[in-house]
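Because the structure is a prediction, the values reported are computed rather than measured.
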Amino acid sequence: MIKKWIALCLGALLLVAVFSGCGTGETPSGSQGSSPQGEPAAEGEIVTREDGSISFTDLSGRAITLEKQPETIAVANYLVNFMLVGGSQSLDKVSALAIDGWQDTRYGEYTVFTESFPKLLELPSVGGYHNDVLDAEKVLALAPDVLLINTSQYTENEASIPTWEAAGIQVVTVDYHKMSLENHLRSTRILGALLGRQEVAEELCRRYQGGIDLVNERLSTLSPEEKAAKVYVELGNNGAGEYGNSYAGTLWGGILDNLGVINLANGRLEGAYGVLDREYVISSNPDYIFIGGAIWSGDTGGDQMRMGFTIDEALAQERLRGFAGREEWKGLTAVQNGDVYGVDHGSLRNIADYVFTEYMAKCIYPDLFADLDPEAEMHDLYATYLPELRYTGTFMIQWDRQ
């Protein structure tokens, strides 16, 4: 193939590009040409034309034009979103994944996806799952039509992008990390365009938008005083003996901002996430506590918060009791009232994660959202769009004090 021949010829140029600082100036413009039937799409617009060309602005703000729907895609992030939009058949287009560290960081997700879709184990890895740095030469050698990345991977690999694109590999950035409604919807529509699954993408967007709109509509009936609940979120990967990260403006912090509550992490962290001082948490006396869980490696104390795919509720409750039972937390309002919850950290960054906005809203305002069943909604979404997946696990629970 001509593209692979070009990739090999340009491979030697990659090290020169990296060490000479190539790409450290202006953001590259994206596609090397425009569609024969029109100008590139305006920001936020996704245009698919009769000649098969596709134009859109990706989540790095780059104007992208593809002459035709891609035949091969290296999925360096958001595999779950990719498959929810594309269905199981979308794996036929996948030429590589970023899976180094997937098993250690999201063991439950890794287990159910690789058991349900064994083909995933046959695909080569281009790195970048945990540290965002991709194997630049491997990407060149594989020569996919499209390399799908997230915004932090764009930053970490910016020096390599011009070389990849010169070899005919179109880099496309999407974002589900910011927990922004706009970014979730636009990213999903981009996936729909790349996979020729625009109708499915629109269905998923309608579900997401509908869930968020419902929560916002009901919250709008509350006074500022009624929305003044103090909420503390902690990632439970360090176990009950050591405080874990909290979030401001992203991930769980993004959800709390959308709910309009008082997030204890806001204004207390240098970045988007970090550990809050335990004395501050205690003195703030949160009304509600959410512990994020998953299956991480290094669970030497056997007390990490366990949530997500493959986890049964008995184990999740056992681990949650360890956090709720912290000696210094005995007098907290949240503990006294039983308002301590476990949530699956691995299910964020996902077009299905609106269910956690619904769940947290229901926990904080149970009367206002009594009719919602976020867990059933999540199960239905996977059953509808990825029915082959062996869906099992525990994704949201309230502490059982008994």
Side-chain angles (χ1 to χ4, degrees), residues 101-110 129-131 177 230-256 262-349 356 360 363 394-401:
W102 184 18
Q103 184 174 11
D104 287 341
T105 308
R106 298 282 182 270
Y107 181 80
E109 179 184 274
Y110 170 87
Y129 182 86
H130 202 56
N131 64 4
H177 273 67
K230 293 178 291 184
V231 183
Y232 173 61
V233 174
E234 180 184 328
L235 190 64
N237 61 319
N238 290 333
E242 181 181 348
Y243 282 31
N245 283 337
S246 199
Y247 297 86
T250 189
L251 298 177
W252 299 112
I255 291 178
L256 295 184
I262 299 171
N263 176 11
L264 265 58
N266 284 350
R268 306 290 301 193
L269 302 175
E270 292 185 5
Y273 58 88
V275 179
L276 294 178
D277 180 78
R278 66 176 61 200
E279 285 74 21
Y280 166 71
V281 174
I282 296 165
S283 64
S284 298
N285 190 21
D287 300 302
Y288 301 88
I289 294 172
F290 294 88
I291 305 296
I295 306 178
W296 299 278
S297 62
D299 186 26
T300 55
D303 62 348
Q304 288 180 345
M305 187 61 209
R306 287 291 193 241
M307 295 292 294
F309 287 111
T310 74
I311 296 297
D312 62 50
E313 185 170 349
L315 176 58
Q317 286 286 357
E318 176 188 328
R319 297 297 178 91
L320 187 58
R321 280 195 293 271
F323 289 85
R326 284 170 168 167
E327 184 67 26
E328 69 271 23
W329 280 12
K330 286 184 176 180
L332 296 184
T333 298
V335 175
Q336 291 288 313
N337 293 338
D339 284 315
V340 181
Y341 304 87
V343 285
D344 177 32
H345 188 68
S347 288
L348 294 187
R349 317 166 187 89
F356 290 97
M360 295 175 91
C363 294
T394 303
F395 302 92
M396 50 198 83
I397 58 169
Q398 182 175 10
W399 170 39
D400 182 357
R401 289 192 281 185

Mind checking the [atom1]-[atom2] spacing from [X] to [Y]? Nearest 0.5 Å is all I need.
X    : Y    : atom1 : atom2 : result
H345 : W296 : NE2   : CH2   : 6.5 Å
L332 : I289 : CG    : CD1   : 5.5 Å
K230 : L256 : NZ    : CG    : 14.5 Å
D400 : E318 : CG    : CD    : 12.5 Å
R321 : R401 : CZ    : CZ    : 13.0 Å
E109 : S347 : CD    : OG    : 7.5 Å

Practice task
With the side chain counted from C-beta on, respond yes when Y288 and M360 share a heavy-atom pair under 4.5 Å apart, and no when they do not.
Solution key: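 No, their side chains stay 4.5 Å or more apart.
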Check your understanding: Looking at side-chain heavy atoms only, is the closest gap between I291 and M307 below 4.5 Å?
Key ->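 Contact flag for I291/M307 side chains = no.
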Is it the case that the side chain of [X] and the backbone of [Y] share a donor-acceptor pair, with hydrogens and angles ignored and the cut-off at 3.5 Å?
X    : Y    : answer
T105 : W102 : no
T250 : H177 : yes
Q317 : Q398 : yes

Stepwise side-chain contact (heavy atoms from CB on, under 4.5 Å) test for I255 and L348: CA-CA 10 Å; I255 291 178; L348 294 187; 4.1 Å; yes
- prompt: Which of these, Y341, F356, W399, sits in a ring-ring contact (aromatic ring centres under 6.0 Å, His included) with F290?
  reply: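 With F290 as partner, ring-ring contact (aromatic ring centres under 6.0 Å, His included) holds for just one option, Y341.
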**Item:** Polar contact flag, side-chain donor to acceptor under 3.5 angstrom, T333-D287
**Value:**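 Result is no, nothing qualifies.
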Of all heavy-atom pairs between [X] and [Y], which one has the smallest distance, and what is that distance?
X    : Y    : value
S284 : L264 : CB-CD2, 3.6 Å
A324 : V340 : CB-CG1, 4.1 Å
T394 : A316 : CG2-CB, 4.2 Å
N263 : A248 : ND2-CA, 4.1 Å

Can you tell me if Y273 has over 12 outside heavy atoms packed within less than 6.0 Å of its OH?
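Incorrect, the count does not exceed 12.
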Go through it in stages, so that I can follow the logic: the residues are L276 and L269, the test is side-chain contact (heavy atoms from CB on, under 4.5 Å), and I'd like the CA-CA distance, side-chain angles, deciding distance and then a yes or no.
CA-CA 7 Å; L276 294 178; L269 302 175; 3.6 Å; yes
- What pairs with R106 under salt bridge (Lys or Arg N to Asp or Glu O under 4.0 Å), at least two apart in sequence or on another chain?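 Listed in chain order: nothing, the list is empty.
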When the side chains of residues 233-244 are checked against the rest of the protein, which donor-acceptor pairs come out under 3.5 Å, sequence neighbours left out?
{"unit_1": "E234", "atom_1": "OE1", "unit_2": "Y232", "atom_2": "OH", "d": "2.8"}
{"unit_1": "E234", "atom_1": "OE1", "unit_2": "R326", "atom_2": "NH1", "d": "2.8"}
{"unit_1": "E234", "atom_1": "OE2", "unit_2": "G244", "atom_2": "N", "d": "3.0"}
{"unit_1": "E234", "atom_1": "OE2", "unit_2": "R326", "atom_2": "NH2", "d": "2.9"}
{"unit_1": "N238", "atom_1": "ND2", "unit_2": "Y243", "atom_2": "O", "d": "3.2"}
{"unit_1": "Y243", "atom_1": "OH", "unit_2": "E328", "atom_2": "OE2", "d": "3.0"}
{"unit_1": "Y243", "atom_1": "OH", "unit_2": "W329", "atom_2": "NE1", "d": "2.8"}

If a pair satisfies salt bridge (Lys or Arg N to Asp or Glu O under 4.0 Å) and one of its residues is in residues 289-316, list it, with sequence neighbours excluded.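 Pairs touching residues 289-316 that pass the test: D299-R306, D299-R319.
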What about F309 and Y107, are their ring centers closer than 6.0 Å?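 When the ring centroids of F309 and Y107 are compared, they turn out to be at least 6.0 Å apart.
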